[in-house]
Amino acid sequence: MSEYGATVSWERGDQPFVDNQYSRGHWWQFDGGARVPASSSPQVVPLPCSVAANVDPEEAFVAALSSCHMLFFLALAAKRGLVVDAYTDEAVGLMEKGPDGRVAMTRVTLRPKVLFAGEPRPDRQTLEQLHHQSHQLCFIANSVKSEVVTEIRE
């Protein structure tokens, strides 16, 4: 068993609070020292109470799924002797009302584009197998009820 943590911190400062017009800007601090400016999404809490330049939980959810998938893909490709030069994923999450009427991230579409060097180069079937295995192994994908879809880009 492994345990992972993050420290999320917010301070009111001198702004009013009970009028619900306070800033949703806050910080995520991770064990390695990374400090990430975060906020509610402007689509959830309108500006100026949200900070559009900061990462919001919905974006982080999509990024976590994409990152986990990529890390497994890279490991699997290396095991097969495939040299990956670059990996880019323009992942997108869809938030909407689910069947239970609650708002949820109902679908995440991964759109990985992988550039390989040298030989061998994988064919489409091998790429599909690698992405399928990556999805099956991804801890984050195994932890959520959202549908996670991979659309390979070439």
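Here the side chains of Val144 and Phe61 are in contact, with some heavy-atom distance below 4.5 Å. Using a 4.5 Å cut-off on side-chain heavy atoms (C-beta onward), His69 and Asp89 make no contact. At least one side-chain heavy atom of Val148 sits less than 4.5 Å from a side-chain heavy atom of Leu110. The shortest distance between side-chain heavy atoms of Glu3 and Met1 does not fall below 4.5 Å. Here the side chains of Glu58 and Met95 are in contact, with some heavy-atom distance below 4.5 Å.
Screening residues 12-24 for salt bridge (Lys or Arg N to Asp or Glu O under 4.0 Å) gives no qualifying pairs among residues at least two apart or on separate chains. Each ring-ring contact (aromatic ring centres under 6.0 Å, His included) pair with one or both residues in residues 29-50, not counting sequence neighbours, would appear here, but there are none. Applying the ring-ring contact (aromatic ring centres under 6.0 Å, His included) definition to pairs two or more places apart or across chains, none involves residues 88-111.
Note that NE2 of His26 is 12.0 Å distant from OG1 of Thr7, once rounded to the nearest 0.5 Å. To the nearest 0.5 Å, the span separating OG on Ser134 from CD on Gln129 amounts to 11.5 Å. Summarising the geometry, atom CE belonging to Met105 is positioned 13.5 Å from atom CD belonging to Glu147; distances are rounded to the nearest 0.5 Å. Interatomic distance, Ser41 OG to Asp56 CG, rounded to the nearest 0.5 Å: 4.5 Å. Arg153 CZ to Arg111 CZ: the interatomic distance, rounded to the nearest 0.5 Å, is 7.0 Å.
Glu128 CD: more than 12 foreign heavy atoms inside a 6.0 Å radius.
Taking Val51 as the reference, Ser23, Ser39, Asn54 meet the side-chain contact (heavy atoms from CB on, under 4.5 Å) condition, with sequence neighbours excluded. Contacts of Glu11 classified as side-chain hydrogen bond (donor to acceptor under 3.5 Å, both in side chains), with partners at least two apart in sequence or in another chain: none. Phe17 pairs by the ring-ring contact (aromatic ring centres under 6.0 Å, His included) definition with Trp10, Tyr22, not counting sequence neighbours. Under the side-chain hydrogen bond (donor to acceptor under 3.5 Å, both in side chains) criterion, Asp123 pairs with Thr126, sequence neighbours left out. A search for side-chain hydrogen bond (donor to acceptor under 3.5 Å, both in side chains) contacts involving Arg80 returns Gln133, not counting sequence neighbours. For Arg35, the side-chain contact (heavy atoms from CB on, under 4.5 Å) partners at least two apart in sequence or on another chain are Trp27, Gln29.
Taking Ile, Leu, Val, Met, Phe, Trp and Tyr as members and joining any whose side-chain heavy atoms lie under 4.5 Å apart, directly or through other members, the hydrophobic cluster of Leu130 also contains Met70, Leu71, Phe72, Phe73, Leu74, Leu76, Leu82, Val84, Tyr87, Val114, Phe116, Leu127, Leu137, Phe139, Ile152. Grouped with Val92 in a hydrophobic cluster is no other residue, since no side-chain heavy-atom contact under 4.5 Å to another Ile, Leu, Val, Met, Phe, Trp or Tyr is found. When hydrophobic residues (I, L, V, M, F, W, Y) are linked wherever their side-chain heavy atoms come within less than 4.5 Å, Leu94 remains an isolated member.
Between the side chain of Ser50 and the main chain of Val45, a donor-acceptor pair closer than 3.5 Å is present.
Of all heavy-atom pairs between His135 and Asn142, the closest is O-OD1, 4.1 Å.
With salt bridges taken as basic N to acidic carboxylate O contacts below 4.0 Å, none links Glu90 and Lys113.
Thr106 and Glu96 share a side-chain donor-acceptor pair at under 3.5 Å.
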